[in-house]
Trainee: 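Can you keep this structure in mind? I'll have questions shortly.
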Amino acid sequence: MARTISNLIGNRLFLDVSNIAKHNNWIGIALGSLGFWLFPTVLTGIPAFSAEQVAVFYGPLEFSLSVEALEAFAKEGKITEELAPYAGTIPPKAQAQLRELLQQRFEASPTLISQFTGAAVGGTVLARMGKILQTETGENGSTALRTALISAAGDPQGLTLLNILRKFPNRVIRVNLSLGLQITEQFEELTRNKDAIVKLIEQQAATEAASANKVNFSQQSDLRQPGSFKWTQQTITLTDTLRDRPLPFDLYLPQTADGGTTQQPSPVIVISHGAAGNRTSFAYLAQHLASYGFAVVVLEHPGDNTKLFEQFFSGLSASPQPIELVNRPLEVKLVLDELQRREQSEPALQGKLNLQQVGVIGQSVGGYTALALAGAKINFAQLQKDCNSDQLLNLSLLVQCEAARLPISNYSLQDERIKAVLAINPFTSSIFGQTGLSSLKVPVMLVAGSDDIFTPAVPEQIQPFTWLSTPEKYLVLIEKATHFTTIGGSSSERSVLPIPAEVLGPNPSLARPYINALSTAFFQNYLANKSEYSSYLSAAYTQSISQEPFKLSLVRSLTAIQINQAIDSVTPKSPSQPQQAPNSQP
């Protein structure tokens with residue numbers, strides 16, 4: 001039996017070590033999802049005893065290893081007698097990667113771990129992980145795992161996988177290898193499918209670029225550079241009487257080159273930050289758009305901003321409630337109403353704001369906010385269906401499913417003043433579903449990052465793009481971009497959330513010019529009605545400005561059939577399935 005188990009590990013589990021090593025930040029990723037909707041708790045007592053054995057079972061097969069042997073292997077590379085039957089099947093490179101994986105340290109305080117694991121979202125993550133890491137009696141290990149995480153975070157040796165095993169408050173940890181391998185296979189399948197779909201979008205963009213009218217963009221204005229308008233900035237704070245809290249926002253007003261006022265009222269663009277963000281998150285974009293003649297409003301949503309998350313992580317306040325998914329669009333409405341009132345009553349604003357031509361830009365939950373304002377409705381039926389699954393690999397579902405806790409209602413979140421929306425890394429698949437997104441009538445641009453693990457590109461932006469029925473729709477894919485690539489300002493989101501550097505991705509300053517250029521062209525065309533900017537909204541233009549490490553693609557046409565065909569092309573065929581001849585037609 002030992003030889004059977006060792007062959008299983010050598011031929012199946014540890015063949016995946018190199019792949020796991022590339023994505024070895026799952027603890028950091030889980031903690032990073034704190035950027036969403038969590039609830040506070042207090043530290044629990046830590047039992048004095050800890051794990052001594054790891055019992056791995058795969059169907060009817062089972063074997064045990066001592067934590068002491070794993071520790072000797074991780075720290076010294078020592079192969080004990082009990083490890084020898086299994087280590088012989090592991091290539092040296094994989095052994096080194098496994099040792100690194102066991103010892104990699106994640107930075108998080110016991111308070112932060114306690115906050116996360118005691119939260120609704122964190123509890124869901126733990127319950128699903130507890131199906132793999134079980135107690136000695138075979139029960140869900142979520143409670144014991146929570147204790148181990150808190151204890152390891154407070155230990156001088158830190159939060160490592162090895163230390164978590166050591167701190168597990170049962171003498172034996174049972175590992176459900178069958179379920180663990182299923183999740184590994186699902187992860188591999190999702191990665192394989194994503195790569196195929198990214199390739200499909202590249203090909204589709206190349207086709208669209210080849211068939212378009214030729215434009216020499218080197219002879220056109222470079223929209224990545226600031227425009228000709230100067231701008232002023234002022235901070236306004238409203239009192240949100242309904243929610244009994246202040247609602248601050250920054251207003252950027254364009255001025256002519258000589259410092260005078262614009263002759264025509266400026267179209268208005270609202271920017272909605274992501275969770276744990278603030279008014280600095282997209283200040284760079286607000287300033288850029290103001291330089292092209294737009295009045296720009298940058299809200300700070302008080303229900304899930306940087307300050308609230310700092311207090312939450314310190315154990316000083318509660319975390320965002322699901323009702324913030326309703327409050328956010330309503331806050332934008334409130335600000336627009338206030339600006340409309342001021343535009344009529346204050347001489348400094350009279351004639352400066354065209355509040356019937358409003359666009360919205362949002363990132364992450366701000367992207368959800370933008371789409372809700374444009375008319376996408378919360379889809380409670382879809383939420384009920386999706387939130388009863390054990391999906392763990394799409395972290396955004398943990399956030400979307402918080403909406404299922406809201407009272408079922410036909411929430412009135414749409415604002416008819418909104419004429420176009422640009423959503424960056426939004427979550428959409430369950431909170432709106434196909435029914436919610438297909439009802440949108442205004443022009444929509446969805447921006448996806450291929451390496452976004454919080455709102456994954458394929459289920460949250462690419463597939464939902466095919467659901468849009470509006471003819472004026474655009475899908476932008478930034479390869480190698482993560483969930484944080486477009487965020488600027490003080491980078492407070494990155495400092496507040498305990499995200500490993502690898503998850504943040506390459507230098508984001510290289511990708512922000514893409515957002516500057518595309519948002520300028522999009523809103524000049526659809527808000528300012530300047531059709532001369534339409535040529536920039538093309539695959540040919542994105543090709544002309546694309547540069548490493550962030551390859552940029554834009555498509556206007558993509559179907560579910562194309563996506564399914566791309567997935568089928570990389571789906572392994574079982575021996576019983578007939579293999580299609582290379583040159584045959586589908």
Side-chain angles (χ1 to χ4, degrees), residues 201-202 205 209 215-231 252 254 269 271 273-274 277 280-294 296 298 359-364 366-367 370 420-425 445-452 457 461 474-491 493-494 504-528 530 532-555:
I201 292 173
E202 288 181 357
V215 177
N216 186 352
F217 289 105
S218 65
Q219 301 299 315
Q220 304 292 316
S221 297
D222 187 351
L223 301 188
R224 294 170 293 180
Q225 300 300 318
S228 61
F229 288 87
K230 296 181 178 181
W231 46 265
Y252 295 80
I269 298 174
I271 300 180
H273 63 73
T280 71
S281 300
F282 288 91
Y284 78 92
L285 181 56
Q287 294 165 12
H288 185 84
L289 290 168
S291 77
Y292 278 88
F294 294 100
V296 186
V298 186
V360 183
I361 300 173
Q363 190 266 342
S364 189
V421 293
L422 193 158
I424 306 168
N425 316 119
M445 178 177 284
L446 298 180
V447 179
S450 69
D451 290 4
D452 185 348
Q461 296 101 45
Y474 303 84
L475 174 64
V476 176
L477 177 66
I478 309 176
E479 293 184 43
K480 305 300 181 186
T482 72
H483 196 72
F484 307 94
T485 296
T486 63
I487 299 172
S490 63
S491 303
E493 293 84 348
R494 299 186 191 87
L504 292 176
N507 185 353
S509 65
L510 301 175
R512 292 176 199 146
Y514 295 163
I515 301 300
N516 284 343
L518 290 172
S519 61
T520 298
F522 184 71
F523 290 113
Q524 288 283 26
N525 189 51
Y526 291 110
L527 290 188
K530 296 180 179 179
E532 62 267 31
Y533 284 87
S534 62
S535 62
Y536 291 94
L537 300 173
S538 66
Y541 176 64
T542 55
Q543 280 186 357
S544 74
I545 64 173
S546 179
Q547 58 182 346
E548 296 295 337
F550 298 113
K551 187 173 182 179
L552 182 65
S553 299
L554 180 150
V555 297

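From a predicted model like this one, the values you see are computed outputs, not experimental measurements.
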Trainee: When you measure from the side chain of Ser538 to the backbone N and O of Tyr541, does any donor-acceptor pair fall under 3.5 Å?
Mentor: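 Yes, because the side chain of Ser538 sits within donor-acceptor range (under 3.5 Å) of the backbone of Tyr541.
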
Trainee: Is there side-chain contact between Met445 and Leu537, with at least one heavy-atom pair below 4.5 Å?
Mentor: yes

Trainee: Mark yes or no for whether Arg512, through its side chain, and Ile487, through its backbone, hold a donor-acceptor pair below 3.5 Å.
Mentor: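 Pair found, side chain donor or acceptor close to backbone of Ile487.
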
Trainee: For Phe229 and Gly293, work out which heavy atoms get closest and say how close.
Mentor: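 Scanning both residues completely, I find the closest heavy atoms to be CD1-N, 3.5 Å.
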
Trainee: Identify the two heavy atoms, one from Leu289 and one from Ser519, that lie closest to each other, and give their separation to 0.1 Å.
Mentor: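 Leu289 and Ser519 have their closest heavy atoms at CD2-OG, 3.7 Å.
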
Trainee: Counting only N and O atoms by type, is there a donor-acceptor contact under 3.5 Å from the side chain of Ser553 to the main-chain atoms of Glu202?
Mentor: no

Trainee: List the steps, then state whether side-chain contact (heavy atoms from CB on, under 4.5 Å) holds for Tyr514 with Val476.
Mentor: CA-CA 10 Å; Tyr514 295 163; Val476 176; over 6 Å; no

Trainee: For the residue pair Pro254 and Ala290, what are the closest heavy atoms and their distance?
Mentor: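 Reported closest heavy-atom pair: CB-O, 3.4 Å.
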
Trainee: Roughly how far, to the nearest 0.5 Å, is NZ of Lys551 from CD1 of Ile478?
Mentor: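 With rounding to 0.5 Å, CD1 (Ile478) is 14.0 Å from NZ (Lys551).
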
Trainee: May I have the step-by-step check of side-chain contact (heavy atoms from CB on, under 4.5 Å) for Asn516 and Leu285, ending in yes or no?
Mentor: CA-CA 6 Å; Asn516 284 343; Leu285 181 56; 3.4 Å; yes

Trainee: With distance as the sole test, does Ser546 use its side chain to make a donor-acceptor pair with the main-chain N or O of Gln543 at under 3.5 Å?
Mentor: no

Trainee: What I'd like to find out is whether the side chain of Gln220 reaches to under 4.5 Å of the side chain of Tyr536, using heavy atoms alone.
Mentor: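 A side-chain contact under 4.5 Å exists here.
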
Trainee: What are the two closest heavy atoms between Val298 and Tyr252, and how far apart are they?
Mentor: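 Here Val298 and Tyr252 meet closest at CG2-CE1, 3.8 Å.
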
Trainee: Only one of Asn425, Leu422, Ile361 forms a side chain to side chain contact (heavy atoms under 4.5 Å, CB included) with Val447, so which one is it?
Mentor: Leu422

Trainee: Just how far is it from atom CG of Asn216 to atom OG of Ser535, taken to the nearest 0.5 Å?
Mentor: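 One finds 11.0 Å between CG of Asn216 and OG of Ser535.
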
Trainee: For His483, is there any backbone N or O sitting under 3.5 Å from a side-chain donor or acceptor partner on Gln363?
Mentor: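 Flag set: sc Gln363 to bb His483 pair under 3.5 Å.
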
Trainee: Counting only N and O atoms by type, is there a donor-acceptor contact under 3.5 Å from the side chain of Ser450 to the main-chain atoms of Lys480?
Mentor: yes

Trainee: Please round to the nearest 0.5 Å and tell me the distance separating atom CZ of Arg224 and atom OG1 of Thr520.
Mentor: 12.0 Å

Trainee: Over all heavy atoms of both residues, which pair between Leu527 and Phe294 is shortest? Give the atoms and the distance, please.
Mentor: CB-CE2, 4.3 Å

Trainee: Are any of the side-chain heavy atoms of Thr482 and Asp452 separated by less than 4.5 Å?
Mentor: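 Answer no - side chains too far apart.
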
Trainee: Indicate yes or no: at least one non-hydrogen side-chain atom of Phe484 is less than 4.5 angstrom from one of Pro508.
Mentor: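 Phe484 vs Pro508: side chains apart.
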
Trainee: Let me confirm one number: the OG-NE2 distance from Ser364 to His273, rounded to the nearest 0.5 Å.
Mentor: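 The OG atom of Ser364 sits 11.0 Å away from the NE2 atom of His273.
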
Trainee: Assert yes or no for the condition that the ring centre distance of Tyr284 to His288 is strictly below 6.0 Å.
Mentor: no

Trainee: Identify the heavy atoms of Gly227 and Ser291 that sit nearest to each other, and give their distance.
Mentor: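 Between these two residues, the closest heavy atoms are N-OG, 2.8 Å.
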
Trainee: Given the rule in the side-chain contact (heavy atoms from CB on, under 4.5 Å) test, do Leu554 and Leu518 qualify, once you have shown the distances and angles that lead to the verdict?
Mentor: CA-CA 10 Å; Leu554 180 150; Leu518 290 172; 4.3 Å; yes

Trainee: Any donor-acceptor pair under 3.5 Å linking the side chain of Tyr474 with the backbone of Phe522?
Mentor: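 Checking the backbone N and O of Phe522 against the side chain of Tyr474, no donor-acceptor pair under 3.5 Å is found.
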
Trainee: Please tell me if the side chains of Ile545 and Phe217 come closer than 4.5 Å, counting only heavy atoms from C-beta onward.
Mentor: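 No, their side chains stay 4.5 Å or more apart.
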
Trainee: Do Leu477 and Leu475 have side-chain heavy atoms sitting under 4.5 Å apart?
Mentor: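 In short, these two side chains do not touch, never coming nearer than 4.5 Å.
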
